[in-house]
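Before any comments, here is the structure.
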Amino acid sequence: GAELFTLFKLVILDGQVRAKPKYNEWLNRLRDPNLEYPIDDVWLSKLNILTQADLQDKTKDWMFTPIIVSGNAERRKIIEHKINLFGKRHDEPILRWICNVKQTNNRGKNTYGELDFDPVGIYDELIQYFVRGAECILNECNNGISKGTRGIYIGVAWEHNVQNINDLPRGKITTVKQPDYIIIKFKEIIIAIKAKEVAFKDVISKKQKRGYLKHSCELILSRTYHKIQASTKNSIILSINSCVKISKKIKRLDLISLYVGLSRVHDNEEHRVLPFSEKDK
């Protein structure tokens with residue numbers, strides 16, 4: 001009743017509380033339903049385009065700031081490129097593996113094993129990378145650590161045929177068998193995450209879904225606009241280019257996603273966008 005209602009106070013948030021006033025005013029054009037064309041030349045002039053000087057800036061490591069994209073096809077390509085740069089910078093081995101896929105053996109039992117072909121361009125979601133020291137994020141709760149928590153990759157482990165990472169060439173990509181565990185450090189806590197079954201669409205056999213083993217964590221060198229909702233960043237890079245002609249798997253960026261991306265930070269100095277052309281407006 002009325003007595004219970006008095007215990008609560010209604011608070012209406014005006015815009016993004018993380019954003020500074022002038023930055024929030026600039027962002028508001030993207031969500032104003034009365035504006036037919038919220039993005040004009042004046043608005044675009046306040047977008048900070050990533051430059052070579054930014055990449056050489058030692059105060060903010062723009063080189064490895066997460067790049068936010070509209071789809072997973074673009075995200076995977078960026079991770080592949082950036083993890084190579086990360087391994088070379090830190091003189092660390094770069095591990096690449098293809099996730100084990102559910103298969104039926106001669107006895108009719110389900111097992112997990114490697115594909116007999118390279119899935120590049122067909123099942124890109126099966127290809128994973130690892131470098132010690134790279135930042136990652138949990139995709140689900142694990143050992144009491146909540147989903148969305150950031151950690152650092154520190155190692156991998158196999159239950160059989162143990163391979164020593166230190167024996168692998170540094171600064172180069174080496175294809176290995178899928179590890180059984182990825183070891184991650186979260187502040188003072190270290191956990192080993194075991195690969196679990198998830199599903200993907202099998203376009204070859206025409207089956208709706210097929211199981212494969214994947215660890216519930218991923219590199220955050222690149223993320224999708226969908227995955228960064230509700231998070232706050234100190235720096236962010238957005239991809240706003242139209243890539244539809246390059247690949248049908250790359251989705252066109254919409255106004256809502258652009259707003260989500262730009263509103264993750266506090267002001268103009270904390271965002272950058274990849275260079276774009278007039279046709280991308």
In V176, L219, I83, I182, the residue satisfying side chain to side chain contact (heavy atoms under 4.5 Å, CB included) with F130 is I182
So, for G171 and K88, which heavy atoms are closest and what is the spacing to 0.1 Å?
-> O-CG, 3.3 Å
For residues 36-65, which residue pairs qualify under ring pair (Phe, Tyr, Trp, His ring centres under 6.0 Å), counting only residues two or more places apart or in two chains?
-> W26-W43, F64-F86
Distance, nearest 0.5 Å, that separates CD1 of I191 from CD1 of I145 | 4.0 Å
Could you grab the distance from atom CG of N100 to atom CD of E114, nearest 0.5 Å is fine?
-> 6.0 Å
With no hydrogens and no angle check, is any side-chain donor or acceptor of N268 less than 3.5 Å from a backbone partner on K46?
-> yes
Answer yes or no: is there an ion pair linking D57 with R272, defined by an N-O contact shorter than 4.0 Å?
-> no
Under 3.5 Å, is there a donor-acceptor pair between the side chain of Q128 and the main chain of E125?
-> yes
Looking at CG of L238 and CD1 of I236, how far apart are the two atoms once the value is rounded to the nearest 0.5 Å?
-> 5.5 Å
pair L138-K147: side-chain heavy atoms closer than 4.5 Å = no
Shortest non-hydrogen separation from R210 to V101 and the atoms involved | NE-CG1, 3.1 Å
Taking atom CG of D180 and atom NE2 of H160, what is their separation to the nearest 0.5 Å?
-> 7.5 Å
Among residues two or more places apart or on two chains, list those pairs meeting ring pair (Phe, Tyr, Trp, His ring centres under 6.0 Å) that have a residue in residues 215-234.
-> none
Do you know the tightest heavy-atom contact between L221 and K82?
-> CD1-CB, 3.8 Å
The reported gap from CD1 in I68 to CD1 in I237 (rounded to nearest 0.5 angstrom) is 9.0 Å
Sidechain-backbone polar pair: Q103 side chain, G113 backbone, donor-acceptor under 3.5 Å | yes
Nearest heavy atoms of V260 and S263, plus distance in Å | O-OG, 3.1 Å
Pair K77 + D124, salt bridge at N-O below 4.0 Å | no
Which other residues end up in the same hydrophobic cluster as I220, if Ile, Leu, Val, Met, Phe, Trp and Tyr are linked when side-chain heavy atoms come under 4.5 Å apart?
-> I137
State, with a plain yes or no, whether a side-chain heavy atom of Y153 is found less than 4.5 Å away from one of I184.
-> yes
Counting only N and O atoms by type, is there a donor-acceptor contact under 3.5 Å from the side chain of R75 to the main-chain atoms of S222?
-> no
Flag the pair R150 and E135 as a salt bridge only when some basic side-chain nitrogen lies within less than 4.0 angstrom of an acidic carboxylate oxygen.
-> yes
Judged by atom type as modelled, is there a donor-acceptor pair below 3.5 Å linking the side chain of H271 to the main-chain atoms of L47?
-> no
Under a 4.0 Å N-O cut-off, is there an ion pair linking K20 with E269?
-> no
Please examine the side chains of D54 and N48, heavy atoms only from C-beta on, and report whether any two atoms are closer than 4.5 Å.
-> no
Minimum side-chain heavy-atom gap P38-D32 below 4.5 Å = no
Is the number of heavy atoms from other residues, nucleotides or ligands within 6.0 Å of NZ (K196) greater than 12?
-> no
T232 side, atom OG1; R264 side, atom CZ - distance, nearest 0.5 Å = 6.5 Å
